[in-house]
Protein chains: 2
Amino acid sequence: MTDFDTLAGQWRAEGHKLTQPRRAILKTLLAAARPLSPAEILERGQTFYADLGLVTVYRTLEILEAMGLARPVHLADGCHGYALSTPGHTHHVVCDRCHAVVEIVGCALGDFLDSVAERTGYTITGHWLEISGLCPECQQK
Amino acid sequence: MTDFDTLAGQWRAEGHKLTQPRRAILKTLLAAARPLSPAEILERGQTFYADLGLVTVYRTLEILEAMGLARPVHLADGCHGYALSTPGHTHHVVCDRCHAVVEIVGCALGDFLDSVAERTGYTITGHWLEISGLCPECQQK
DNA sequence: CCCTAAATGAAAAGGCTTTTCAATAAGAGA
DNA sequence: TCTCTTATTGAAAAGCCTTTTCATTTAGGG
Ligand SMILES: [Mn+2]
Ligand SMILES: [Mn+2]
Ligand SMILES: [Zn+2]
Ligand SMILES: [Zn+2]
């Protein structure tokens, strides 16, 4: 969770132009409390830039994902959409009810993965972990 | 990894008919060393039953998934296809190179998930974990 | 064997994503 | 500022992949 200027700076540092449509998409992702599908990003993004097109949403997400600044969030029941993320190895905790998402930076799977390596003979190179739960607000209802 | 008769028995126990197309799909999944896409299951399945149709592949996978006997396997780079699985909570280790898959039955994330709950305020209800690595054969190359 | 409900596959419909392409706009350099 | 170049844009078309529809077939209990 950064602010617009930080994100914009990282964007430009890669040599990408910061156009109106792209600004609208960044603002939309920054304002979102949960992962958004491309169609949802389009809809919300048009409040910032009315002529925004869906193709640009896809193209911008592709760049953000390559930069490690956004990531698809999906659980067993499918893809929940895209959320901003910190570059590097992180995980997401998603609320089952309202889909609010929190990013987890550390991960302590070392011992477990060691045992997996031992049991299977595989050399472990990476993993994908998504956690589901109930956010504090939804627990009250 | 069960045998055909065990799988067939579980299938019938749910009251489903065991048709030729379905037999072909089960045999295909049993013979697969890696997750297969619906199209791949169709292609391989037609060696067992020539008239197999793609729609039946989708419908059969849907039932298998609901029974917990098959599961979509996907990593960060997308869905790798469907693999047979043990009902209940398990994980998959997928080879980066040849996609060979091994199922992991135990999982020791308890402490880590407790710390996530504490840090985020979420009540944790589940998780989705896929592990990638290099299988013993691919390590030699 | 029959009989019936479940299952099947072709074709159509539906969705989502990517490609194409002519028009536009960012922003480096003058 | 003003130009100029090239990246970027959005509409439309194309391309998947998945689901629905429906007339026909088949499994398997009786
Ligand atoms: Mn991790
Ligand atoms: Mn687990
Ligand atoms: Zn919630
Ligand atoms: Zn391998």
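By convention in this document, chain letters (A, B, ...) are assigned in the order of the sequence lines, proteins followed by strands, and residues within each chain are numbered from 1.
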- Note on the structure: Under a 4.0 Å heavy-atom criterion, the protein footprint on nucleotides 18-30 of chain C, written with B, S and -, is BBB-----BS---

- Using whole Å, report how far CG of B:L42 lies from P of D:dT19. 15 Å

- Message: Classify the ring geometry of A:H16 against A:W11: parallel below 30°, tilted from 30° to 60°, perpendicular beyond 60°.
- Response: tilted

- Rounded to the nearest angstrom, tell me the gap between atom CD1 in B:I25 and atom C1' in C:dT8. 11 Å

- Message: Under 6.0 Å between ring centres: does that hold for B:H89 and B:H127?
- Response: yes

- Message: Set out, in order, the CA-CA distance, both residues' side-chain angles and the distance that settles side chain to side chain contact (heavy atoms under 4.5 Å, CB included) for A:F4 and A:R23, then state yes or no.
- Response: CA-CA 9 Å; A:F4 182 85; A:R23 281 174 207 272; 3.9 Å; yes

- Query: Quick one: B:W11 CH2 to D:dG28 C1', roughly how many Å, whole number?
  - Reply: 16 Å

- Task: Step through the shown structure and confirm whether more than 12 heavy atoms of other residues, nucleotides or ligands are within 6.0 Å of CD on A:Q139.
- Result: yes

- Could you state the OH-C1' distance from B:Y82 to D:dC17, rounded to the nearest angstrom? 12 Å

- Whole Å only: how far is the CG atom of A:D51 from the C1' atom of D:dT8? 14 Å

- Message: I need the CD-C1' distance between A:Q46 and D:dT9, as an integer number of Å.
- Response: 14 Å

- Task: Quick one: do B:V116 and A:V102 satisfy side chain to side chain contact (heavy atoms under 4.5 Å, CB included)? Show the steps, please.
- Result: CA-CA 10 Å; B:V116 169; A:V102 172; over 6 Å; no

- Query: Are OP1 or OP2 of D:dT26 and a side-chain N or O of B:R22 less than 4.0 angstrom apart?
  - Reply: no

- Could you check B:E40, B:Q46, B:E43, B:R44 and say which one makes a side-chain contact (heavy atoms from CB on, under 4.5 Å) with B:T28? B:R44

- Nearest whole angstrom, please: distance from the P of D:dT8 to the CG of A:L61. 15 Å

